[in-house]
Every structure is written in C-alpha cells, then in structure tokens.
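Quick notes on the structure that follows.
These numbers come from the heavy atoms of this one structure, side chains and all, not from hydrogens, waters or symmetry mates. First the proteins, then the strands, lettered A, B, ... as listed; each starts at 1. Worth saying up front: this structure is predicted, and the values here are computed from it rather than measured.
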Amino acid sequence: MSKCEAPNHQLLTPAHERISWSENNGLTKIPYSIYSDREVYEEEQEKIFKGAVWNYLCLEEEISNPGDVRTTWVGETPVIVSRDHEGQIHAMVNRCAHKGALVCLKDADNKKSLTCVYHAWNYDLSGQLKSIAFQNGVAGKGGMPLNFDVSQHRLQPLRVTSLYGLIFGTFSDATKPIEEYIGPKMSAFMKRNLNRPLKVLGRHSQVIHNNWKLYAENVRDSYHATLLHTFYTAFKVNRLDMDGGIILSEDKWHHFSYSKRMTHKLDQEYSSADVHSAKYKSSLAAPELISSWEEFDDGITHSIQTIFPNLVIQYTLNSLAIRHFVPRGVDETELFWLFLGDKGDTDEQKHMRVMQSNLTGAAGLVALEDGCINSFVQRGTKTSPKQTSFVEMGGTVAESNESSRATETSVRGFWYGYRNIMGFNQTS
Amino acid sequence: MNTFKPLDILNADSFNLDVNNKIESFLMQYAYTLDDGLVKEWDSFFCDDGLYFLTTVQNEEDRLPIGIIHCQGRGMMSDRIIALETANIYESHRYCHIVTKPSIRSIKSNLFSVRSNFSVYRTMENGYTDLFAIGKYLDQVLLVDDIPKFKERRVILDSRRVDTLMVFPI
C-alpha cells in the first residue's frame, strides 16, 4: 500500500523543494522547467489562481442588467459572474453542487435563476440552491432524505470586488482589498485609463502555444518592443515619443510601462490651434490607421499595465483594450482581447479606435509577433529543464525606471512576486 | 494574348460568362490567389474604397465594430501587405481555402450581394496541417467595367479562437 503511494507523494513535493532556483539568481536566472513542468502548473492553480490574488473576471458593463450572467475562468477553473435582481454582483464556480456538471454553458446570458440541465437543481443568481427536482420523490416514492436542506447547498462562491469598472474575484479570505493589492501607483494609472463609462467595441481570442508565464513576461518586457515589432520602423512612423519609463507596484507584482510625447513638441503644439490632434508622419498609404487624438493631458501616448497574475490593460494611441490570458494547460494559453471605447466618444473618436484596433490583437500589425514568439521560447526550452534564462537587461534588481525602457526590470518584478507566492523565498 | 493576369479570365469580352459564373469565378480566383501565396495581389480584388472586415460571428451578432482585421480602402490593404512582407515576423505557412458555391442576389444592376461558406486549412513549414478557420463570406460585389470587385468582403468566423496568429487575410 505504502509502496503504491510513494510515487504520488513524490509528485506532491512543492516546486520550491524540487527545483533548484537560488535566491541569488531568483530574478535573473529563471529555470526553464518552470515553463513546462506539469506539477508546477498544477501547484500554480492552487497557490496562485486559487490563492491570495485578485483574478480579473469581466467588466461591470458586461453584466449591466439584473439577471446578466457571464462565464469565465480563474486559472483553469470555470466561473460564473452574475448580477442579481438587487444589482449585486456575484461570482461562483461553474460546477453544480450535486454532480459537478457545468451549470452555465454560454459566454453570456440573461437568466432569472441558474438551473443545472442534468437534474434541474435550481440556484438563485447568487449561487444559493433554491430547489431540486423530485425532492419528495414521485408519487411518495424515492426523494431526498428528510433532513435534506436546500439552504445547506450552493455553488462555491468567490469573493468579488470592483475597481474602475473591472470585476475581480478571489478564492482566498487572505486577499487584501483590491486597492491595497495593486497599490496606489497602479490604482492611479488604472483610474486614468478606465475611470469612465466603458463601452465594449469588440472581442476575440487567440490560442498561443506556451505557458501562461511566458506571456506574463512578454507583456512586461519593454526590451523586445522595438526589436521584434518593427512595424513603426518599417513605415517610418515618427511617433514623437521620447523614451518613457516603467513603474513597478510597491510589491513589484504589477507594473505599467509608458511612453510620452516629447515635451518640446507638445509645447509647440500648445501654441498652435492643433492641441488635441496627435499627428504622426509615416510612409503609410492609409495613415488613418494611426490617426489619434490626445485624450489626456499627461502626454502619455502608449501604455501597458499588468495586474498579477494574468491581466493586461493596453492603451496604445487611443486603443484601449483588456487582455486576459487564461492558462489552458502547461503549454497552452488562451489570450482574450476585449476592445473598449468610451460611451461619450464622438463618431470620429470611435472610428479612430476602430482603425487603431488593427495594430493589436491576433492580426495586429504592430504586435502580432507576440502570438508566436512565446511558443518559440516554449519549444526552445522544454527539453532543457535545468538550464536558465538570463534576465539582466537594465540590472539585476526589480525597481521602477523612469528614464529608460531598455530594461527587463518588470520581468524581474514578476518573478519576485511569483517566487514569494510559490514559496521559493522560504527555502533559499 | 495568351498570358493571363488573375482577373483577365473574368473579362466578359473574352469569355461570354453569365454574371453568376463570373462572380463565382471571381470568388475562386480570390481564394486561389491567396492559396498560391500571391498576397500582394490581395487588394486588387477590391474597389478603391472597398471594405475588408474580418470578425467573429459573436461580434457580428452583437453588432460590434471591432473584429480582427478592418481595412477601409485599398490603401489600408496595401499597407497590411507591405507590413506582412517586410515588418512582421511569423513562421511561414500557406492556406488552402475550400469555398462553397455562392448564393447571389442582385441589389442593383451592377451590384450583387453574395454569400458563401469557407474553410481554410493552414499548413506550416514542417508540413503540419490544421483546420485554421471556418465561417462565411458576406460580400457586396460590384461590376466595374464588367469586372467584379469587392465593394465589401465581410469575413465572419465561426471559429472565434485564432490559433497562434492571423497573418494573411482569409
């Protein structure tokens, strides 16, 4: 008996006891096994996605009416997000309390209550069981035991919170309030981009053949931007951008990077009547692709913000989008794109956001390479679990850098957070 | 005289095809052009102000304006072609389109609403083939000097999940 269990016990050894990853090199030399080890992946489901993090679920706008329901995933776990008839938002595991079947099958729906199709167990929009079929049997025969009590059964709830129109959920009671979780710097920048009446302009997804953490690194990596993505250079797009900076959250888990228009250019333009049009010179046959306007007075024209573990907020020119990358297996990730506008947009502004949507997404002219580059790393590393990467551009620490984006500082920030949550810092 | 350019075969003066046949041949020629790697010819199938909009069936049903590719006019298409040929990085691959017989409805004397279904297989450099995209074409085809051109080609994907990335138009 114990002989049979031994290998199982072996499998349950935590990654931090199994994988050699010293604290000295914790942020700069990432062991390749971390991207392809199935047990690490399973441990992440428990410690990260079901741990003390806020997971992005959906927009408030996407469930704006009572009875609106959306399905999503927290890590690999299927989740329902709902708005009840009092306007309260709920999230719960999409798994019937009876036999564990999926309760909601559509991406989006509007329901009076939630009913599992298997045996018609019926839940209210908060996930509380209300009734079951044949509780008292049929014609006096069968039925549940007399002590069966519907109030004792429900869909497993998540705690929910909202910030600037985004709904987050957590399985853990230990997760700090969201503003504390992301910290004041991240919160202020989220507010800049999202604190307005948001409108969904379009959605799609792409399946990328790599571990979810490679995408988490990729979006934090400003070093690669002009090297891999050459669209702007090829079309001689004069972006008038000065090199921007990178801000890490207080705990280093989250970040945003930004680039700004050159201050003196901005000054010149303020003296002209053309203040709010950001014109870009290029050799594009159809420059309306990058027609844009200045929505904010801070001069920031591009930004990417990450919220640990798997949320990205993109604001490139005026193209505002949520990217939610959902793990589908140790070497597969589904990247969901949600393009947004402002309900107050003029027709012209909406048109600019629509044209700019060509820059990103599964066919994005500027960044489509990100769809394949991470799979190149996956394929390159999976047979070398003991080798490591070398992440020292811009130094060896994870600190904000407001003068340069030629740095991997926020990639190191991700690993700082990852090592903490996965327990690697306890053993070194 | 005997060297065909892609669209010559559609010229009514050389071939007395009826309009339906002409439009059907036009759709086939579009697919074969992309399948033969002649993406640089892509924009020549469109009117100068033509629309190419590739989106998902969910976006189409929700009437959402942002899909996956949205080109208004041949200029945006030629920019995309140049980007694919000079700037973008991806593993080389080819498409094989299977297009169904279209249903064609006349809107005006020279403007037709055309619907067909497609499946697109993608074969990578290493020979691996997968079913890449499934959906329907909703077209408006204009006869310009008797030669068909897309005034609109709306490509509606049933397959919302794009595998890896979408480089070439469908």
Side-chain angles (χ1 to χ4, degrees), chain A residues 107-108 199-210 227-235 282-290 319 321 328 332 334-341 350-351 353-376, chain B residues 43 48-93 124-126 128 130 132-133 155-170:
Chain A
D107 293 342
K199 184 181 165 72
V200 174
L201 297 181
R203 299 183 176 88
H204 66 271
S205 78
Q206 70 191 111
V207 173
I208 52 180
H209 297 273
N210 55 267
L227 302 172
L228 177 65
H229 308 312
T230 59
F231 177 82
Y232 284 129
T233 329
F235 285 90
S282 73
S283 63
L284 288 163
E288 58 266 35
L289 176 73
I290 51 171
S319 182
R328 298 295 196 202
E332 192 172 296
E334 186 165 359
L335 172 56
F336 287 87
W337 295 84
L338 179 61
F339 288 91
L340 300 173
K350 180 177 152 191
H351 181 73
R353 292 197 212 270
V354 170
M355 291 297 104
Q356 292 170 18
S357 71
N358 285 296
L359 300 174
T360 56
L365 290 166
V366 170
L368 64 81
E369 291 83 8
D370 289 331
C372 61
I373 195 69
N374 301 295
S375 79
F376 297 171
Chain B
D43 65 307
D48 287 348
D49 62 350
L51 169 75
Y52 179 82
F53 182 36
L54 187 152
T55 191
T56 68
V57 70
Q58 289 86 357
N59 286 333
E60 177 75 3
E61 284 168 2
D62 295 344
R63 299 177 179 278
L64 297 178
I66 292 183
I68 298 175
I69 300 176
H70 196 137
C71 292
Q72 292 188 353
R74 284 181 65 174
M76 287 189 82
M77 297 177 209
S78 66
D79 285 339
R80 185 169 276 274
I81 294 166
I82 293 167
L84 300 182
E85 294 194 330
T86 64
N88 293 131
I89 292 162
Y90 46 88
E91 287 185 275
S92 60
H93 58 274
M124 305 304 292
E125 183 82 2
N126 67 5
Y128 177 79
D130 63 350
F132 180 60
V155 187
I156 316 296
L157 296 179
D158 290 341
S159 46
R160 179 203 66 203
R161 285 162 53 130
V162 175
D163 186 85
T164 308
L165 45 73
M166 173 91 60
V167 181
F168 301 113
I170 298 279

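- Residue A/H204 touches chain B through both its backbone and its side chain, counting heavy-atom pairs closer than 4.5 Å.
- Closest heavy-atom contact between B/A87 and A/T230: O-OG1, 2.9 Å.
- Of all non-hydrogen atoms in A/L365 and B/N88, the two that sit nearest each other are O-ND2, 2.8 Å.
- Pairing each heavy atom of A/L201 with each of B/P65, the nearest pair is O-CD, 3.1 Å.
- The minimum heavy-atom distance linking A/A363 with B/R80 is given by the pair O-NH1, 2.9 Å.
- When heavy atoms are compared at a cutoff of 4.5 Å, A/Q356 does not approach chain B at all.
- Among B/R63, B/H70, B/M76, the residue making the largest number of heavy-atom pairs under 4.5 Å with chain A is B/H70.
- Only the side chain of A/A234 comes within less than 4.5 Å of a heavy atom of chain B; its backbone N, CA, C and O stay farther away.
- Looking at B/N59, only its side chain comes within 4.5 Å of chain A, counting heavy atoms on both sides.
- B/I89 approaches A/C372 most closely through the heavy-atom pair O-SG, 3.8 Å.
- By number of non-hydrogen pairs under 4.5 angstrom with chain B, the leading residue of A/S205, A/G371, A/A108 is A/S205.
- What you find for B/D79 and A/A285 is that their closest heavy atoms are OD1-N, 2.8 Å.
- Using a 4.5 Å cut-off between heavy atoms, A/D107 touches chain B through its side chain atoms alone.
- Both the backbone and the side chain of A/L228 come within less than 4.5 Å of a heavy atom of chain B.
- Interface remark: B/T56 contributes side-chain atoms only to the contact with chain A (heavy atom separation under 4.5 Å).
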Test side-chain contact (heavy atoms from CB on, under 4.5 Å) applied to B/I82 and A/F235, step by step: CA-CA 9 Å; B/I82 293 167; A/F235 285 90; 3.7 Å; yes
Residue pair B/Q72, A/E288: steps toward the side-chain contact (heavy atoms from CB on, under 4.5 Å) verdict: CA-CA 9 Å; B/Q72 292 188 353; A/E288 58 266 35; 5.8 Å; no
